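The structure under discussion is supplied below as C-alpha cells; questions concerning it will follow.
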Protein chains: 2
Amino acid sequence: MGRSYQQYCGLARALDIVGDRWNLLIVRQLLLGPARNRELMDGLPGVATNLLADRLRDLQAAGVIERQLAPEGNAVVYSLTPWGAQLRGPIDELIRWATPLMTSGPGRDPFLPDWLAVAVPALLNPAPTSESATPEVGLDINGQVFDLRIANGGATIVRHDGRALDATLRAEPTIILGLAAGVLSIDDVHDAIEIDGDEGAVRTAFARRPETTRT
Amino acid sequence: MGRSYQQYCGLARALDIVGDRWNLLIVRQLLLGPARNRELMDGLPGVATNLLADRLRDLQAAGVIERQLAPEGNAVVYSLTPWGAQLRGPIDELIRWATPLMTSGPGRDPFLPDWLAVAVPALLNPAPTSESATPEVGLDINGQVFDLRIANGGATIVRHDGRALDATLRAEPTIILGLAAGVLSIDDVHDAIEIDGDEGAVRTAFARRPETTRT
DNA sequence: CCGCATCCTCATGGATACTG
DNA sequence: CAGTATCCATGAGGATGCGG
C-alpha cells in the first residue's frame, strides 16, 4: 500500500485506501460482478501481474474486496464486500465528472464493453445532487452540430449555443452511450434510434468535447 | 502528470487527471476558496514544494484550476474552474464512503479545521443516491455504547446492535462533527448539545469504527 | 493454463537546499 | 515567498519463472 497522507480527513483516508494506482479501476471491474484473476487482467490492460496481486492484497486487507475459493476446484474469485460495493457512489460521480473528457472520442485508447456497462447507470441515473456535469454527446444532423443531453433514460437534442432543439432522440442507453463511445455509428443503429419532432436525418454521431463545459 | 491508463472509460480518464497523488487534496483545499501557494502548503502537510508546483501545473493544464495574479502586487492565487468545482460531487461521495475510517478517531494524524469544513456539508447533505454509507459516531452514554447516526441536520442515537434508542441528539453540525473528529469532548460542548427522550447523561463521545459497516 | 512471486529498469515521489 | 534543482528512496511496468 502506498504511503498514508496521515490526515484526519475523510477524503485523505479514503484515498489512503483507494487512491493508489489501479485500485479504483479494480473496483470498477468488480462492480460488474465477482471476477477471477485472469478476468481482472483482461479488463485492466497494462496492469502488471505483481501490481494486481499487490493491490488485491491491499484491498482485501482494507475490507474492500473478498477473496473466495470457488465451490468447485481451486479457482480464486474476487468480489466486493458491501462496503466496497458502496464505492459505486464515488465512482459514478467521477464518471459523470469526466464526461467532457469522453466527448473527444476514444482516440487511440482501447475500449471494452465492460466499461460502458459501468458508465451507463452512472450517466443515466444521475444523482440529483449538486450541479453535476451534464453528459454531452455531439451529433451531426444535416451538417449542423448539436449536443445530445442525456438524462433520465432519454436524450434531448440542443444546439451547440445552448438553445434547445424541438426534437428528442430515443434509444436504448447502450446505444446512446455506444454513440458517445464512437464504437457505434449512426449507420449501425439508425434503426434503433428514433428522433421525434424533427425531420432532419442524423448523419453522424461523434464524441465531442464541449469547451464550454470545461471553462 | 502520471502515466495515463489509456482506457476509453470515464473513470480512467477522470483518474488520469485527478488520480495522481495529492491532486484531490489540492482540490479539497480550493473548495474552501481561492488560495495562495503558501496556504496550500499549510493545508497539505507533508507535500513537497516541487510536487505541489508540479500538481498545480498539471491541474491548470487540465482545466481544473486557474492561476490568477492578484489585483495588487505579484501575488499568485489559485482557484477552481467551474469544471473543477464540480469535483465536489466525487469528493463528497468519497468522504461519505470513508466514514467508517473516521470513527476510529484521529490517532496520530493531524487535524485541521479546514478539512472539517469540507466534511460537514458532505456528511449533513447526503445525496439521496444509491446506498451511501451512513455516517456513524460512537457515543458512550452511562457506559453503554451507542451509534450516532447523522442525517439531514439532525442526529439519531441507536444501539450498537441496530435497535433505535428513543432519543435524539441535537447540536450544531460543527459540534457533531467535532465530536466525531475527537477534537471536541463532551465536557467542551455539553451545553451545546441536547438529548431528548432519554435521561441518561452523555459521558463521552468518541470516534468509533463500526465493524458491521465494513463487513 | 492460472495465480503469483522474483528480478530488473526506469519513472515518479519525497525531502532538502537553493535561486529569482 | 513562489518556485526550481538536486539527490535518494520507492513504486510502476515488463519479463520471466515456478508450483499447482
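Below, read A as the first sequence line, B as the second, and so on, with proteins coming before strands; counting in each chain starts at 1. Basis for what follows: all heavy atoms, side chains included, without hydrogens, waters or symmetry-related copies. This structure is a prediction, so every number in the text was calculated from the model and none was measured.
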Review point. If we only count heavy atoms from C-beta on, is the B:Val76 to B:Leu69 side-chain gap below 4.5 Å?
Key: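 Of all side-chain heavy-atom pairs linking B:Leu69 with B:Val76, at least one is under 4.5 Å.
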Exercise for review: Classify every nucleotide of nucleotides 13-20 of chain C by which part a protein heavy atom approaches to under 4.0 Å, writing B for the base, S for the sugar-phosphate alone and - for neither, in 5'-to-3' order.
Suggested key: SBBBB---
Review point. Given atom CG of A:Leu52 and atom P of C:dT6, what is their separation to the nearest angstrom?
Key: 16 Å
Review point. For D:dG13, does OP1 or OP2 lie under 4.0 Å from any side-chain N or O of B:Tyr5?
Key: no
**Study point:** Value in whole Å for how far the P atom of C:dC4 lies from CD1 of A:Ile26
**Key:**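 Spelled out: CD1 on A:Ile26 to P on C:dC4 is 12 Å.
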Review point. Between D:dC1 atom P and B:Leu40 atom CG, what is the distance in whole Å?
Key: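 Those two atoms, CG and P, are 14 Å apart.
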Check your understanding: What residues, two or more places apart in sequence or in another chain, satisfy side-chain contact (heavy atoms from CB on, under 4.5 Å) together with B:Glu39?
Key ->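 By the side-chain contact (heavy atoms from CB on, under 4.5 Å) rule, B:Glu39 matches B:Ala35, B:Arg36.
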Review point. Where the side chain of A:Arg67 meets the backbone of A:Leu56, is there a donor-acceptor pair that is under 3.5 Å apart?
Key: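 It does not hold such a pair.
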Review point. Rounded to the nearest Å, what distance is computed from the CG atom of residue A:Asn37 to the P atom of nucleotide D:dG20?
Key: 18 Å
**Study point:** Check: B:Trp22 main-chain N/O paired with A:Tyr5 side-chain donor or acceptor under 3.5 Å
**Key:** yes
Point to revise | A:Trp97 side chain vs B:Trp83 backbone, donor-acceptor pair below 3.5 Å | key: yes
Check your understanding: D:dG11 C1' sits how many Å from A:Asn23 CG, rounded?
Key -> 13 Å
Point to revise | Interatomic distance where CG belongs to B:Asp58 and P belongs to C:dT12 [whole Å] | key: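 Nearest whole value for this atom pair: 10 Å.
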Exercise for review: List for me each residue that meets salt bridge (Lys or Arg N to Asp or Glu O under 4.0 Å) alongside B:Arg55, sequence neighbours excluded, and say none if there are none.
Suggested key: B:Asp58
Review point. B:Tyr78 has an atom OH; how far is it from atom P of D:dA2, in whole Å?
Key: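 After rounding, the gap between these two atoms is 8 Å.
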Check your understanding: Between A:Arg38 and C:dC4, is there a side-chain N or O to OP1/OP2 distance below 4.0 Å?
Key -> no
**Study point:** Given D:dG3, D:dT4, C:dA5, the nucleotide with the shortest approach to the side chain of A:Ala53
**Key:**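 In terms of side-chain proximity for A:Ala53, the closest of D:dG3, D:dT4, C:dA5 is C:dA5.
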